[in-house]
Amino acid sequence: QVRLVESGGGLVQAGGSLSVSCAASGNIFRINIMGWYRQAPGKQRELVATITNGGDTNYADSVKGRFTISRDNAKNTVYLQMNSLKPEDTAVYYCNTKTLRGPTWYEYWGQGTQVTVSS
């Protein structure tokens, strides 16, 4: 079993900063990808950023240069630092982990945390 526990989120003014974190517990295998997705009301859930066990990162174009994803492998924790926030960043942010066991990928989700950016 894998459990993802998120912390952070909240209300921030446009131009401000906010950080969220997600701690994973359970059987996270060596090859894995941790990341953040977000979903605004009435919109499809979208990828925000991912980071592999080796530290390779990938960002949505809309957040490049503003958001930074990082991880602590010893703690199986992933972080998302969000700077220069815009009202369009308002969404529920979900932690996600994909881990490879043999030939099969297993995927897990956190409960989501609300990020609201006021103008």
Side-chain angles (χ1 to χ4, degrees):
Q1 297 284 353
V2 172
R3 186 166 66 102
L4 304 177
V5 180
E6 300 176 350
S7 61
L11 176 65
V12 64
Q13 294 187 54
S17 298
L18 193 66
S19 64
V20 292
S21 63
C22 173
S25 61
N27 289 333
I28 305 297
F29 293 94
R30 184 181 63 84
I31 301 175
N32 64 83
I33 304 169
M34 302 186 73
W36 294 92
Y37 294 71
R38 67 186 183 186
Q39 186 169 24
K43 294 185 177 180
Q44 185 176 333
R45 186 175 298 185
E46 65 177 357
L47 182 147
V48 177
T50 61
I51 184 167
T52 70
N53 54 276
D56 295 323
T57 59
N58 184 45
Y59 296 91
D61 288 340
S62 60
V63 307
K64 284 182 179 178
R66 299 189 298 120
F67 291 10
T68 302
I69 189 170
S70 61
R71 64 185 292 165
D72 184 335
N73 287 337
K75 298 180 179 179
N76 280 325
T77 300
V78 62
Y79 308 89
L80 186 68
Q81 177 67 46
M82 299 177 284
N83 298 325
S84 301
L85 282 161
K86 305 174 181 179
E88 52 262 44
D89 294 318
T90 296
V92 177
Y93 283 70
Y94 295 92
C95 181
N96 172 270
T97 298
K98 296 181 175 69
T99 185
L100 182 64
R101 186 179 70 181
T104 304
W105 285 95
Y106 295 87
E107 186 173 27
Y108 304 91
W109 293 91
Q111 78 283 358
T113 184
Q114 178 71 46
V115 172
T116 302
V117 183
S118 63
S119 59

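Here the structure is a predicted model, which means the values were calculated and not measured.
- Sequence neighbours left out, not one pair with a member in residues 48-59 passes salt bridge (Lys or Arg N to Asp or Glu O under 4.0 Å).
- Partner Val78 forms a side-chain contact (heavy atoms from CB on, under 4.5 Å) with one of Asn73, Asp72, Thr50, Ile51 and no other, that one being Ile51.
- Applying the salt bridge (Lys or Arg N to Asp or Glu O under 4.0 Å) test to every pair with at least one member in residues 6-20, sequence neighbours left out, gives no pairs at all.
- Applying the ring pair (Phe, Tyr, Trp, His ring centres under 6.0 Å) test to every pair with at least one member in residues 38-88, sequence neighbours left out, gives no pairs at all.
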With a 3.5 Å cut-off and sequence neighbours excluded, list the donor-acceptor pairs that the side chains of residues 18-27 form with protein atoms.
unit_1 : atom_1 : unit_2 : atom_2 : d
Ser21  : OG     : Ser7   : OG     : 2.6

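- Tracing side-chain contacts under 4.5 Å through hydrophobic residues (I, L, V, M, F, W, Y), one never reaches Tyr108 starting from Ile69; they form parts of separate clusters.
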Could you pull out all donor-acceptor pairs under 3.5 Å where a side-chain atom in residues 112-119 meets a protein atom, sequence neighbours excluded?
unit_1 : atom_1 : unit_2 : atom_2 : d
Thr113 : OG1    : Gly8   : O      : 3.0
Gln114 : NE2    : Ala91  : O      : 3.4
Gln114 : NE2    : Thr116 : OG1    : 3.3

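- Residues satisfying the salt bridge (Lys or Arg N to Asp or Glu O under 4.0 Å) test with Glu88, not counting sequence neighbours, are none.
- The salt bridge (Lys or Arg N to Asp or Glu O under 4.0 Å) check on Lys64 picks up Asp61, with sequence neighbours excluded.
- Thr52 meets the side chain to side chain donor-acceptor pair (under 3.5 Å) test with no other residue; sequence neighbours excluded.
- The number of heavy-atom neighbours closer than 6.0 Å to CD of Gln111, taken from other residues, nucleotides and ligands shown, is above 12.
- Here the CG-CD1 distance, from Leu4 to Ile28, works out to 6.5 Å after rounding to the nearest 0.5 Å.
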Name the atoms and distances for all side-chain donor-acceptor pairs under 3.5 Å in residues 30-40, with sequence neighbours left out.
unit_1 : atom_1 : unit_2 : atom_2 : d
Asn32  : OD1    : Arg71  : NH1    : 3.1
Asn32  : OD1    : Arg71  : NH2    : 2.7
Asn32  : ND2    : Phe29  : O      : 2.8
Asn32  : ND2    : Arg30  : O      : 3.1
Tyr37  : OH     : Lys98  : NZ     : 3.3
Arg38  : NE     : Glu46  : OE2    : 2.8
Arg38  : NH1    : Asp89  : OD1    : 3.0
Arg38  : NH1    : Tyr93  : OH     : 2.9
Arg38  : NH2    : Glu46  : OE2    : 3.3
Arg38  : NH2    : Ser62  : OG     : 3.4
Gln39  : NE2    : Lys43  : O      : 3.1

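- The shortest side-chain heavy-atom distance between Asn58 and Leu47 falls under the 4.5 Å cut-off.
- Not counting sequence neighbours, Arg3 has no partner by the side chain to side chain donor-acceptor pair (under 3.5 Å) test.
- Evaluation of the side chain to side chain contact (heavy atoms under 4.5 Å, CB included) rule for Ser84 yields Arg66 as partners, not counting sequence neighbours.
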